[in-house]
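Proteins get letters first, then strands, A, B, ... in listed order; numbering begins at 1 in each. Everything numeric here is computed off the predicted structure, so don't read it as measured data.
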Amino acid sequence: MGQTFSEKLLGSKAGQKVKAGDIVIVSPDRILSHDNTAAIIKSFRELGLKHLPHPERLVVILDHVVPASSEKYALNHKIIREFVKEQRINNFFDVNYGICHQVLTEQGLAAPGKLIIGADSHTTTYGALGALAVGVGRSEVASVWATGEIWLRVPETIQIQLEGSLPPGVAAKDIILSLIGEHGADKANYQAVEFAGEGATCLSIASRMVLCNMAAEMGAKNGYFLPDQQTLDYLHQRGVEDYEVINSDPDADYRERIILHLEQLEPQVACPHSVDNVRPVSEVEGIKIHQALIGTCTNGRVEDLEIAARILKGRQVHPEVRVLVIPASHQELIKALKKDLIDIFVEAGCLVLNPGCGPCLGAHQGVLAPGEVALSTANRNFRGRMGSRDSFIYLASPATVAASALEGKITDPRKYWS
Amino acid sequence: MKGKVWKYGDNINTDVIFPGKYTYSPQTPEEMAQHALEDLDPNFASKVRQGDIIVGGKNFGCGSSREQAAICLKAAGVQAVIAKSFARIFFRNAINQGLLVFVDEDLVDHLSQGEEVELDFEKGVLESRGARFRLPALPEMVVEIIRAGGLIPYTKKKLSRQKK
Ligand code: SF4
């Protein structure tokens with residue numbers, strides 16, 4: 001019996017042959033933390049160490065509340081900056097870079113064969129480049145900073161075969177929403193999800209990041225695509241040469257295989273208050289919205305902004321909708337500027353905000369009042385996530401959000417897709 | 001230790017356990033406890049007592065990796081969470097905070113809102129309405145972390161042993 005990607009990668013890190021269910025002790029190549037770094041520093045200090053044994057493994061990115069919106073947040077950032085200096089952490093990205101998952105990727109810090117752990121549940125995103133990337137909590141990160149090691153259970157794997165290609169107006173977000181809706185928010189709990197098939201090969205790296213990002217919403221430990229030419233090109237452009245391509249064996253032991261035919265997909269919407277409460281757009285059309293968000297680590301890349309701009313170009317957003325556009329990173333913002341997308345957004349009446357998480361976690365920049373409805377390209381719609389516990393969050397693709405921003409209600413984007 | 005049961009449904013996520021808007025400003029565990037389950041059950045934080053037990057359905061703790069979700073429950077006095085299944089990051093976070101977590105479908109179905117139970121971790125038993133239930137055994141490493149009072153004290157011990 002062959003081995004899966006996760007079995008091979010964790011086995012090679014552990015220096016022994018392993019199978020799903022085994023527990024291994026491994027040393028991660030990269031350890032990500034963001035605004036929560038201050039809390040991790042506190043735990044690290046409790047461990048009694050003066051210096052980090054491996055500062056080169058850390059990646060610290062300020063993105064959750066940037067720039068600081070209150071004195072408390074400002075203090076939080078200050079503590080982190082001082083620690084970064086003191087410990088000589090080179091991979092530090094201050095408030096002007098963007099969302100951690102986008103920044104880590106575009107800086108060439110994620111690559112095939114790497115083991116990455118992060119103090120953020122959407123760490124799974126780096127699977128798009130063939131890394132094994134797992135989210136953990138803060139104490140765990142403090143402990144890995146100090147010891148260099150973590151214990152992990154080798155996950156079983158669900159393979160999702162994407163067949164065919166996407167119809168016009170339908171995107172990566174619709175693929176993953178449809179999968180979560182069909183199979184539930186705990187389908188892949190403790191397991192790995194491998195996205196495969198010809199439909200997977202056709203997806204851009206940005207689209208692959210959408211799927212891996214939201215694999216976390218299926219409960220997955222890690223989601224990944226096996227590296228192909230596109231992956232290698234992406235790395236080459238960033239000057240990344242140190243990596244090892246790991247593939248699943250053809251006769252690997254998958255727990256389950258799921259097939260999804262992409263031609264049959266229509267735009268999807270996740271309804272309040274859970275990510276697996278998914279309906280085709282046709283069933284929720286007409287619901288009035290107060291705020292639209294195009295951005296986040298799920299859908300804030302230039303590929304997403306281009307789709308939204310295509311719909312908004314030469315039009316005006318609905319007067320009763322606040323439309324927020326937040327590029328995922330400074331680099332993506334520059335790309336959008338060069339493609340004249342930002343002009344389109346501003347002229348259409350959108351608010352273009354600085355790269356960062358923005359209102360995704362309800363801390364600042366567009367918090368919802370009781371009774372308000374938001375349509376967002378983010379990955380989570382839990383009660384109270386974007387503000388009031390009595391507000392409502394719907395999730396959809398950038399195309400659906402842009403079309404709905406024009407009409408002031410949830411709208412099928414395909415009517416703007418000429 | 002004796003405690004009261006607080007029973008909830010499936011997919012209790014970390015945003016309703018500990019809202020995101022409080023996550024990136026320094027807070028003590030006691031402050032965090034005041035927001036425990038704020039968006040799910042506004043009565044919980046003021047009524048919960050030392051030793052109480054939360055009973056959940058499937059996928060308890062899904063969502064964000066925020067460790068405050070475990071810290072706030074522990075600081076509020078919760079001694080254990082018993083659920084049909086847990087989201088993996090919450091499960092690890094709970095253990096790392098020394099909060100007991102057990103997966104037991106039958107026990108979840110048996111326990112009812114508001115009832116008084118007694119949990120004995122060392123013996124691995126839970127008593128409810130005169131009946132005794134054996135709690136599922138936890139892996140050795142997990143028991144060691146819980147006995148140490150969480151991952152940070154556990155790692156501290158390990159590091160000091162390495163030095164010697
Ligand atoms: S954009 Fe939202 S989901 Fe992504 S890292 Fe930021 S807060 Fe988390």
Side-chain angles (χ1 to χ4, degrees), chain A residues 23 34-36 38-39 42-44 46-49 64-65 70-73 75-77 79 118-123 134-140 142-143 146-147 151 153 184-186 189-190 216-217 219-221 273-276 360-364 367 380 382-387 389, chain B residues 10-27 38-40 42 57-71 84-98 139-142 145 150-160 162-163:
Chain A
I23 290 192
H34 45 66
D35 295 37
N36 55 17
K42 198 162 163 266
S43 300
F44 175 74
E46 281 171 35
L47 292 173
L49 293 186
H64 272 55
V65 188
S70 71
E71 207 178 315
K72 268 189 168 180
Y73 287 116
L75 174 62
N76 191 52
H77 288 165
I79 295 169
D120 189 277
S121 50
H122 296 108
T123 298
V134 181
V136 295
R138 298 172 178 188
S139 302
E140 198 99 55
S143 166
T147 63
W151 68 267
R153 183 180 163 281
D186 61 349
N189 231 340
Y190 303 103
E217 304 312 318
K221 176 175 224 149
H273 295 288
S274 85
V275 189
D276 56 3
C360 177
L361 71 158
H364 72 153
V367 174
R380 271 190 193 135
F382 300 151
R383 184 190 279 281
R385 172 142 178 118
M386 290 179 75
R389 76 182 293 273
Chain B
D10 289 342
N11 295 318
I12 301 303
N13 66 70
T14 51
D15 273 271
V16 297
I17 302 175
F18 190 81
K21 54 187 173 237
Y22 307 126
T23 45
Y24 301 105
S25 45
Q27 275 189 333
E38 188 169 285
D39 283 346
L40 178 72
K58 283 193 291 184
N59 207 20
F60 189 95
C62 59
S64 150
S65 63
R66 69 188 62 147
E67 196 154 333
Q68 295 97 322
I71 301 175
K84 293 193 177 175
S85 67
F86 288 91
R88 59 165 287 275
I89 303 182
F90 179 85
F91 191 75
R92 279 184 93 108
N93 283 344
I95 293 163
N96 290 343
Q97 285 300 326
E140 196 46 44
M141 191 182 327
V142 169
I145 293 173
L151 183 69
I152 295 298
Y154 171 84
T155 307
K156 201 170 170 178
K157 266 197 207 153
K158 205 166 95 179
L159 287 169
S160 73
Q162 278 169 5
K163 258 190 225 149

Let me confirm one number: the [atom1]-[atom2] distance from [X] to [Y], rounded to the nearest 0.5 Å.
X: A/L49; Y: B/K156; atom1: CG; atom2: NZ; value: 10.5 Å
X: A/R138; Y: B/S65; atom1: CZ; atom2: OG; value: 7.5 Å
X: A/H273; Y: B/L40; atom1: NE2; atom2: CG; value: 11.5 Å
X: B/S64; Y: A/L361; atom1: OG; atom2: CG; value: 8.5 Å

- Message: As an exercise: rank B/S85, B/G150, B/A87 by heavy-atom pairs under 4.5 Å with chain A and give me the winner.
- Response: B/A87

- Who wins among B/N93, B/D10, B/D39 for the most heavy-atom pairs under 4.5 Å with chain A? B/D39

At their closest point, which heavy atom of [X] faces which heavy atom of [Y], and how far apart are they?
X: B/I152; Y: A/S43; answer: CD1-CB, 3.7 Å
X: B/D15; Y: A/R383; answer: CB-O, 4.3 Å
X: A/A146; Y: B/L159; answer: CB-CD1, 4.1 Å
X: A/S139; Y: B/N96; answer: CB-CB, 4.3 Å

- Message: Please check: side-chain N/O of A/N189 versus main-chain N/O of B/F86, any donor-acceptor pairing under 3.5 Å?
- Response: yes

Do [X] and [Y] have side chains that approach each other closer than 4.5 Å (heavy atoms only, starting at C-beta)?
X: B/L151; Y: A/E140; answer: yes
X: A/V136; Y: B/R88; answer: yes
X: A/W151; Y: B/R92; answer: yes

- Near B/K84 NZ, under 6.0 Å, is it more than 12 heavy atoms from other residues, nucleotides or ligands? yes

- Query: Do you know which of A/A39, A/G362, A/S143, A/G384 has the most heavy-atom pairs with chain B at a distance under 4.5 angstrom?
  - Reply: A/S143

- Most contact-rich option vs chain B, by heavy-atom pairs under 4.5 angstrom, among A/I23, A/V134, A/T123, A/D186, is A/D186

- Item | chain A contact via B/I71 - which portion, at a heavy-atom distance below 4.5 Å | neither

- Which atoms of B/E38 come close to chain A, meaning under 4.5 Å heavy atom to heavy atom: side chain ones, backbone ones, both, or neither? backbone

- For A/S121, which residues count as a side chain to side chain donor-acceptor pair (under 3.5 Å) partner, sequence neighbours excluded? A/R380

- Under the side-chain contact (heavy atoms from CB on, under 4.5 Å) test, residues paired with A/D276 that sit two or more places apart: A/I180, A/A185, A/S274, B/N11

